[in-house]
Amino acid sequence: SLDTFENIYRHKNPEMMIKDLGSGLTDMQSLIILRILRPDKVIPAIINYVSSIMGQKYVEPPPYDIMQNFKDSNNSTPLIFILSPGVNP
């Protein structure tokens, strides 16, 4: 019903409420419904999905070893850093 979808829209954790809609929904179908109703919650839900299916190592960035990268560089292959807003170098 319309009230159910409005409750999902207004809920703090809508992904849990979508799971309760029906036991026949796959995780991908739940993500699609979440994308329709709450696009702001899609990225955290995808991170959880990938983590549960493939493992935590696929959602965490690898540690950066600047000394190893410095050893791999030379005067014809320099290191280039691309900085984005909100990223702490």
Side-chain angles (χ1 to χ4, degrees):
S1 75
L2 186 57
D3 290 335
T4 303
F5 288 107
E6 185 175 351
N7 289 338
I8 292 171
Y9 178 77
R10 295 184 187 284
H11 199 272
K12 185 177 180 179
N13 295 320
E15 51 275 355
M16 294 301 139
M17 291 188 72
I18 291 172
K19 289 276 189 197
D20 295 338
L21 279 179
S23 59
L25 290 177
T26 65
D27 289 339
M28 186 57 69
Q29 290 170 331
S30 296
L31 284 173
I32 292 169
I33 293 172
L34 185 65
R35 168 66 175 91
I36 292 166
L37 297 175
R38 292 289 303 270
D40 60 312
K41 297 287 187 175
V42 171
I43 291 180
I46 289 175
I47 290 171
N48 289 337
Y49 176 75
V50 170
S51 172
S52 68
I53 299 295
M54 299 176 69
Q56 190 67 24
K57 72 177 186 174
Y58 290 99
V59 295
E60 293 178 353
Y64 181 70
D65 185 1
I66 194 165
M67 288 310 294
Q68 182 60 42
N69 288 328
F70 183 72
K71 291 176 187 175
D72 292 339
S73 69
N74 59 40
N75 61 347
S76 63
T77 57
L79 293 176
I80 298 174
F81 294 93
I82 300 172
L83 300 178
S84 300
V87 176
N88 188 1

Check the pair T77 / N74 against side chain to side chain donor-acceptor pair (under 3.5 Å), numbers first and verdict last. CA-CA 5 Å; T77 57; N74 59 40; 3.1 Å; yes
Under the side-chain contact (heavy atoms from CB on, under 4.5 Å) rule, what do K19 and S30 come out as? Steps first, then yes or no, please. CA-CA 7 Å; K19 289 276 189 197; S30 296; 4.3 Å; yes
With side-chain contact (heavy atoms from CB on, under 4.5 Å) as the test, would you mind laying out the steps for I33 and I8 before giving the verdict? CA-CA 10 Å; I33 293 172; I8 292 171; 5.8 Å; no
Between V50 and I46, is the side-chain contact (heavy atoms from CB on, under 4.5 Å) condition met? List the steps. CA-CA 6 Å; V50 170; I46 289 175; 4.2 Å; yes
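Residues I43 and Y9 fall into different hydrophobic clusters, defined by Ile, Leu, Val, Met, Phe, Trp and Tyr side chains chained together at heavy-atom separations under 4.5 Å. The hydrophobic cluster containing I47 also contains I32, counting ILVMFWY residues as joined when their side-chain heavy atoms lie under 4.5 angstrom apart, directly or transitively. The hydrophobic cluster containing V42 also contains V59, counting ILVMFWY residues as joined when their side-chain heavy atoms lie under 4.5 angstrom apart, directly or transitively.
In this structure, CD1 on I66 lies 12.5 Å from NZ on K71, to the nearest 0.5 angstrom. Separating the CG atom in L31 from the CD1 atom in I36 is a distance of 11.0 Å, to the nearest 0.5 Å. With values rounded to the nearest 0.5 angstrom, T4 atom OG1 is found 7.5 Å from M17 atom CE. F81 CZ to N69 CG: the interatomic distance, rounded to the nearest 0.5 Å, is 7.0 Å.
In terms of modelled atom types and a separation under 3.5 Å, the side chain of K41 and the main chain of K12 share a donor-acceptor contact.
Taking both residues in full, the closest heavy atoms of L25 and Q29 are given as CA-OE1, 3.3 Å, listed atom of the first, atom of the second, then distance.
Heavy-atom contacts from other residues, nucleotides or ligands closer than 6.0 Å to OH of Y64 number more than 12. The number of heavy atoms from other shown groups lying within 6.0 Å of CG (L79) is above 12.
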